[in-house]
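Below is one structure, written out as structure tokens; comments come after it.
Small disclaimer: the values here were computed from a predicted structure and weren't measured. First the proteins, then the strands, lettered A, B, ... as listed; each starts at 1.
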Protein chains: 2
Amino acid sequence: MARRTKAEAAATREALLDAAEEVFLAKGVAHTSLEQIARHAGMTRGAVYWHFKNKADLFQAMLGRVRMPFQELIEEVTEPSLEESPLEAIRLAILRGFERLEQPRYRRVHAILVHHCEVFGDIDPLTMQNEMADEACGALTDYFTCAARQGQLREGFSPALAAELMQALLGGLFHDWLRNHEQFSLVTKGSELVEAQLTLMRHP
Amino acid sequence: MARRTKAEAAATREALLDAAEEVFLAKGVAHTSLEQIARHAGMTRGAVYWHFKNKADLFQAMLGRVRMPFQELIEEVTEPSLEESPLEAIRLAILRGFERLEQPRYRRVHAILVHHCEVFGDIDPLTMQNEMADEACGALTDYFTCAARQGQLREGFSPALAAELMQALLGGLFHDWLRNHEQFSLVTKGSELVEAQLTLMRHP
DNA sequence: CGGCCTTTACATACATGAATGTATGCCAAG
DNA sequence: CTTGGCATACATTCATGTATGTAAAGGCCG
């Protein structure tokens, strides 16, 4: 092959990342060679080493396409306002998260991060998951605290406990779904469970 | 080295499995060589290939030392009887599970299975996790059904929903704890959360 | 606008190291 | 004296990283 235009080069870069997602998901990160990724994208390893420094660099670029801070999800939810019904805001934010995660790219990359890659080079997926979990739990605590101040939580039920319960619930559901997403829809089952849990925790 | 007695041979086999646990946990299954395992046990690869066919075989043997069927945990709980207070029986069974998992060997092997190994040879950790999850959810459903028949569950709250909520809660907690067990005690925090959740679901 | 030159976007070829599996050696247990 | 329990040596495969080749893109200059 000969040289492509800038747009074509950017396209092959994306194609390589797409291929990486699929092969990583199918065979695991550690057991896929850069050769396999390149061939799956119709290229050779030359293209990979041109666009990325090495496997870790490619992996980071793949992650970079799906950064989804949890705080952002909350901020997207403006209706209804956080101040008047925080529990409903939490529910909607979680629903938004579910909807994003059901997009193939988000689902694949998170499945790879959680279930198909080990510590590897300077990349530690467990640290990343810890950061995600801490961020989520922090945000949940804030908003459950807000809910408690307005008397929306069952009495004797601390915001911290509510946040931890909800975070564990979400984490378990998340892992189950990532393991085999064909088994159930995240938004459908997730909404049911979250709604049921919020009903249990809400002040009667 | 020269030949050892049968007991010594069995001991080196266990030593190899112990070494495998530690190195797998530290560096991930895919990125540890049989050489590293052997050296960590004070042996050479010759010993490994004598006791095990290959890496997958060694891995299976490592798993074999910690098989913990969930049903067994329930059956161990005879006090109080399942028939008179099923919710309490569930709580105790879960507590038993937590206590087992906090033993170093159980914790390490499950951490490896969940967070430190990818699909690999004829071994698929995700299938194993699915089987564990299905088994757990099935048992939980049975016992929540029993609880519902005795009117111990909040009205309008189906046993299936209760089981799914509890399973997601346990799964999330499990994953969080396996990621970094120094952060909190599984029995302590786990007991709090499970107790809180059962209180929420219990008929008032 | 056409010729030239440099750089880009890869493909190909090569060197290296690491891990595996097997074959063989060796010494004591039984 | 035979076989079990390893250690050692060897051959092979495989992935990586780099070096080199190359044809076209995109500019510069006349």
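- Among the protein residues, B/Ser33 comes within range of the sugar-phosphate backbone only, with heavy atoms under 4.0 Å from sugar or phosphate atoms but none that close to a base.
- In this structure, B/Thr12 reaches the D/dC6 phosphate: one of its side-chain N or O atoms is under 4.0 Å from OP1 or OP2.
- Atom-to-atom distance recorded for B/Arg202:CZ and B/Phe157:CZ is 12.5 Å, nearest 0.5 angstrom.
- Expressed to the nearest 0.5 Å, how far CD of B/Glu99 lies from CG of B/Leu186 amounts to 10.0 Å.
- Nucleotide D/dA15 holds its P atom 16 Å from the CG atom of A/Leu58, rounded to whole Å.
- Considering only the side chain of B/Lys6, D/dG5 comes nearest among D/dG5, C/dA11, D/dC6.
- Of the charged side-chain nitrogens involved, none lies within less than 4.0 Å of a carboxylate oxygen, so that A/Lys27 and B/Glu118 do not count as a salt-bridged pair.
- Positionally, the nearest nucleotide of DNA chain D for A/Gln36 lies more toward the 5' end than for the other of A/Gln36 and A/Gly46.
- For A/Tyr49, taking side-chain heavy atoms from C-beta onward, the closest of the listed nucleotides D/dC6, D/dG17, C/dG21 is D/dG17.
- Following rounding to the nearest Å, A/Lys27 (NZ) and D/dC14 (P) show an atom-to-atom distance of 11 Å.
- Atom CD in A/Glu35 sits about 11 Å away from atom C1' in C/dA11, given to the nearest Å.
- C/dA19 atom C1' lies 11 Å from atom NE2 of A/His31, rounded to whole Å.
- Comparing B/Arg45 and A/Met43 along DNA chain C, the residue whose closest nucleotide (by nearest heavy atom) sits nearer the 5' end is A/Met43.
- Ring centroid separation for the pair B/His115 and B/His175 comes in under the 6.0 Å cut-off.
- C/dT22 atom P lies 17 Å from atom CZ of B/Phe52, rounded to whole Å.
- Between A/Glu8 atom CD and C/dA11 atom P there is a gap of 13 Å when expressed in whole angstrom units.
- Rounded to a whole Å, the CG atom of A/Leu34 is 16 Å from the P atom of D/dC14.
- Across the protein-nucleic acid pair, A/Ile37 atom CD1 and D/dG17 atom P stand 12 Å apart, rounded to whole Å.
- Using a 4.0 Å cut-off between charged side-chain N and carboxylate O, A/Arg105 and A/Glu21 make a salt bridge.
- For A/Trp50, no side-chain nitrogen or oxygen approaches OP1 or OP2 of C/dC10 to under 4.0 Å.
- Which of D/dG17, C/dC10, D/dC6 sits closest to the side chain of A/Ala9 comes down to C/dC10.
- A close approach under 4.0 Å does not occur between any side-chain nitrogen or oxygen of A/His51 and OP1 or OP2 of C/dA9.
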